There are 2 protein chains.
Amino acid sequence: MASDHTRSAILAAAERLYADRGFGDVTLRDIVAAASVNLAAVNYHFGSKDELIAELFVTRSIATNRERLRELKAAEEQGGGRAPIEVILHALVGPTLRGCLGPENQRSTAARFMIRASIESVPPIRRIKNREIDHLRKFAGAMRRALPDRSDVDIYWGLNFALAMAHHTIRESERLTKLSEGKCDLDDVEDVIARVVSVATMALTAGRNEAKAPPRALARDAR
Amino acid sequence: MASDHTRSAILAAAERLYADRGFGDVTLRDIVAAASVNLAAVNYHFGSKDELIAELFVTRSIATNRERLRELKAAEEQGGGRAPIEVILHALVGPTLRGCLGPENQRSTAARFMIRASIESVPPIRRIKNREIDHLRKFAGAMRRALPDRSDVDIYWGLNFALAMAHHTIRESERLTKLSEGKCDLDDVEDVIARVVSVATMALTAGRNEAKAPPRALARDAR
DNA sequence: TTGCAATTCAAACACTTGTATGAAACTATC
DNA sequence: GATAGTTTCATACAAGTGTTTGAATTGCAA
């Protein structure tokens, strides 16, 4: 195993460079230069560039997923196997938002890296994301238990919309700040989480009919 | 101006290839081969690869934005300068969703291209998206007129969440289908639009306090 | 037809990319 | 301190990229 120094120097440098400049224009040569390491070291320690990226992403997303499940499990145990829907949603989007938002100058490299990964979506990362379905199914299950009257379809749509709001807010946080001229405070992470959870809860608990029957007259008018 | 044949052959081939295989692994050589055209033609007619991509994206997004504003204007005129919030949201997300979802086999090349653009986000496209803020401000204005009691902050958050649900659903439509084992029907575009509009409307009209005050006790518990 | 501009073409250019190689340097074990 | 295994290093490789060039061709007007 030896010193491991080179390995972790590469990981740190790569994460920082990718976070700062995106996957698009950071080359292996940039990384090894920043890490003060030989070019061949990347292939020696990681096999390939894609495996390096994958390792960075996996590390971080495992941490997030673990935190999510920890919150979920704690909530369900406390509620005797059934947690309130707000708390489930909180466990779903909280760790991600907490990990990626917050005051920019004190945002960790890891957080900035994950934002990049969310924006740019390179192949090795896409492959990993596709394996996340099993993880999401656990949340779908908890949501079903919390809302036994709700159809599966509604559950999945609610899950989809919750993730949508969280991820889009992360991806487009800069644009939202600009659009709102700073009125939307993306640094107040707990407020952002509360907003997402609140809307997602409404989506999941509102009268079933409303969600499915559009105001047809209005919709047709606008055509 | 001459024949223009080469120019449009390139545009068509590029749009199809990018739609099918993504920006990542389509080269100029692939495009000119598909268009039966000489390699140098791209630079001759468009200046550079990035300008070709930009032209493709601008064309489509101008069409979408025009459609959005047409619906918005029609609705506001009909309501004497003030349209119902549902209709405004419908005008905002309808054209995009209608353009990108629907039965896969009858999805237009343009639609599939726009999905790619939404997923991969290459530099020339990102640059254009950043100029979309003025367009969104028009919708923020209409929403303010529809909900004069609402604070600007809430308006912008509602706008953000509406776009979030629409775009995320497009980006991750495949994953949602898989996750729900086909139960969520992404081909029924009008139903998807209705769901997004419904949730966004709730987000914008629900009691103001709920949105800001999280169930603090529960949130703390889960930590 | 002649002349001139617009277009097309084959070829090469100039670079960058990730990866592979094989020798050198190091490290720990006996 | 010799040896075996690991790690580092300079260097080269092979392939692919967008772009440029300058000559050939085309189309159209005088």
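Residue numbers start from 1 in every chain, and the chains themselves are labelled A, B, ... in the order their sequence lines are given, proteins ahead of strands. Since the model is a prediction, treat every value here as computed from it, not as a measurement.
Summarising the geometry, atom CD1 belonging to A:Ile155 is positioned 11.5 Å from atom CG belonging to B:Leu179; distances are rounded to the nearest 0.5 Å.
Contact check on A:Glu55 versus A:Lys49 returns no salt bridge, with no Lys/Arg side-chain nitrogen under 4.0 Å from an Asp/Glu carboxylate oxygen. Ionic pairing of A:Arg145 and A:Glu76 is present here: one or more N-O contacts between side-chain nitrogen and carboxylate oxygen are shorter than 4.0 angstrom.
Across all strands, B:Ala40 comes closer than 4.0 Å to base atoms (heavy-atom distances).
A heavy-atom distance below 4.0 Å to DNA chain D is reached by these residues of residues 44-57 of chain B, ordered by number: B:Ser48, B:Lys49. Near DNA chain D, meaning a heavy atom under 4.0 Å from it, residues 21-37 of chain A has A:Arg29 in order of number.
You'll find the side chain of B:Arg16 reaches within 4.5 Å of the side chain of B:Asp20, heavy atoms only.
Every residue two or more places apart in sequence or in another chain was checked for a side-chain hydrogen bond (donor to acceptor under 3.5 Å, both in side chains) with B:Thr201, and none qualifies. Residues satisfying the side-chain hydrogen bond (donor to acceptor under 3.5 Å, both in side chains) criterion with B:Asp152, sequence neighbours excluded, are A:Lys183, B:Arg144. Take A:Phe139 and apply the ring-ring contact (aromatic ring centres under 6.0 Å, His included) test, not counting sequence neighbours, and it matches A:His135. For B:Glu51, the side-chain hydrogen bond (donor to acceptor under 3.5 Å, both in side chains) partners at least two apart in sequence or on another chain are B:Ser48. For B:Ser121, the side-chain hydrogen bond (donor to acceptor under 3.5 Å, both in side chains) test picks out B:Arg126, with sequence neighbours left out. Among residues two or more places apart in sequence or in another chain, the salt bridge (Lys or Arg N to Asp or Glu O under 4.0 Å) test is passed with A:Asp185 by none.
Between A:Leu39 atom CG and C:dT19 atom C1' the separation is 8 Å, expressed in whole Å. When rounded to the nearest whole Å, the span between CG of A:Asn43 and P of C:dG18 equals 9 Å. Taking atom CG of A:Asp4 as the reference point, atom P of D:dT8 lies 10 Å away to the nearest angstrom.
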Check: protein-nucleotides 26-28 of chain D nitrogen or oxygen pairs below 3.5 Å:
none

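Nearest-nucleotide positions on DNA chain C place B:Asn38 closer to the 5' end than the other of B:Asn38 and A:Val42.
Annotation: salt bridge (charged side-chain N to carboxylate O under 4.0 Å, His left out) contacts involving residues 26-39 of chain A, sequence neighbours excluded, comprise A:Arg21-A:Asp30. For the salt bridge (charged side-chain N to carboxylate O under 4.0 Å, His left out) condition, the pairs that include at least one residue of residues 129-141 of chain B, sequence neighbours left out, are A:Arg175-B:Glu132.
In this structure, B:Thr6 does not reach the C:dT7 phosphate: none of its side-chain N or O atoms is under 4.0 Å from OP1 or OP2.
Under the 30°/60° scheme for interplanar angles, the aromatic rings of A:Phe113 and A:Phe23 are found to stand perpendicular.
Comparing the end axes of the helix from C:dT1-D:dA30 to C:dC30-D:dG1, each fitted to five base pairs by superposing C1' atoms of four pairs onto the next four, gives an inter-axis angle of 0° (nearest 10 degrees).
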